[in-house]
Amino acid sequence: MRLEWRGRTLCITWLPVDAMGRLAACAPGTPAETEVLAALLAGARVCMGREALEYRRYRRTAPREIYARLVGLERRLRELGIGRTRLR
């Protein structure tokens, strides 16, 4: 997982599948995941672009059921307050 502070906004620039699952479950396993949850709890803006999501690279090869579950995890991240943006 890679993070970058841009002013008062925390941007997730790379989110592997395992980290995505832990964040969606509010169960951080690394300091970076803890930082994301702490930022959300502190009211900071947290954003992530589509290109940051590792699972999207497997859209054409992953079994439909697994891919659908990962889409659901992405939805849970949005419900937690992680917004979508185009990262540069």
Side-chain angles (χ1 to χ4, degrees):
M1 172 181 230
R2 289 192 307 257
L3 304 174
E4 196 177 292
W5 279 98
R6 297 179 184 173
R8 296 185 66 212
T9 302
L10 179 60
C11 297
I12 300 171
T13 58
W14 176 244
L15 185 61
V17 172
D18 60 336
M20 184 170 75
R22 288 189 299 269
L23 277 177
C26 292
T30 67
E33 294 162 13
T34 300
E35 184 176 1
V36 170
L37 288 175
L40 288 168
L41 289 170
R45 184 168 181 247
V46 179
C47 66
M48 166 181 63
R50 286 179 171 230
E51 62 276 3
L53 295 163
E54 178 189 33
Y55 87 91
R56 289 184 173 268
R57 295 180 178 198
Y58 302 103
R59 185 175 150 221
R60 291 183 181 14
T61 58
R64 188 177 67 222
E65 296 79 11
I66 292 174
Y67 196 82
R69 182 168 285 192
L70 294 172
V71 169
L73 288 177
E74 182 183 358
R75 188 176 317 114
R76 289 183 70 184
L77 293 177
R78 304 262 176 258
E79 291 168 357
L80 288 174
I82 298 174
R84 184 178 291 163
T85 187
R86 188 166 275 236
L87 300 177
R88 293 182 193 142

Open item on the list: Would Ile82 and Cys47 count as a side chain to side chain contact (heavy atoms under 4.5 Å, CB included) here? Give the steps.
Closed with: CA-CA 5 Å; Ile82 298 174; Cys47 66; 6.0 Å; no
- [ ] Begin with the C-alpha distance, continue with both residues' side-chain angles, and end with the deciding distance and a verdict on side chain to side chain contact (heavy atoms under 4.5 Å, CB included) for Arg84 and Glu74.
- [x] CA-CA 10 Å; Arg84 184 178 291 163; Glu74 182 183 358; 3.2 Å; yes
Task: Trace of the side chain to side chain contact (heavy atoms under 4.5 Å, CB included) decision for Trp14 with Met48 - done: CA-CA 8 Å; Trp14 176 244; Met48 166 181 63; over 6 Å; no
- [ ] Kindly determine whether Val17 and Leu73 satisfy side chain to side chain contact (heavy atoms under 4.5 Å, CB included), including the steps that lead there.
- [x] CA-CA 9 Å; Val17 172; Leu73 288 177; 5.8 Å; no
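With ring centers used as reference points, Tyr67 lies under 6.0 Å from Tyr55.
Contact of the Leu3 side chain with the Leu10 side chain is registered, since non-hydrogen atoms from C-beta on lie closer than 4.5 Å. Residues Pro28 and Thr30 are not in side-chain contact: their nearest non-hydrogen atoms beyond the backbone lie 4.5 Å or more apart. For the pair Met1/Pro16, a side-chain contact is recorded, criterion being any heavy-atom separation below 4.5 Å from C-beta on.
Considering every non-hydrogen atom in both Ala39 and Val46, the closest pair reads CB-CG2, 4.0 Å.
Proximity of a side-chain donor or acceptor of Glu33 to a complementary backbone N or O of Gly29 within less than 3.5 Å is detected.
Counting heavy-atom neighbours within 6.0 Å of Arg76 CZ, excluding the residue itself, gives a total of 12 or less. Within 6.0 Å of atom CZ in Arg69, 12 or fewer heavy atoms from other residues, nucleotides or ligands are found, so the atom counts as exposed in its surroundings. Residue-environment remark: CZ (Arg45) stays at or below the threshold of 12 foreign heavy atoms within 6.0 Å.
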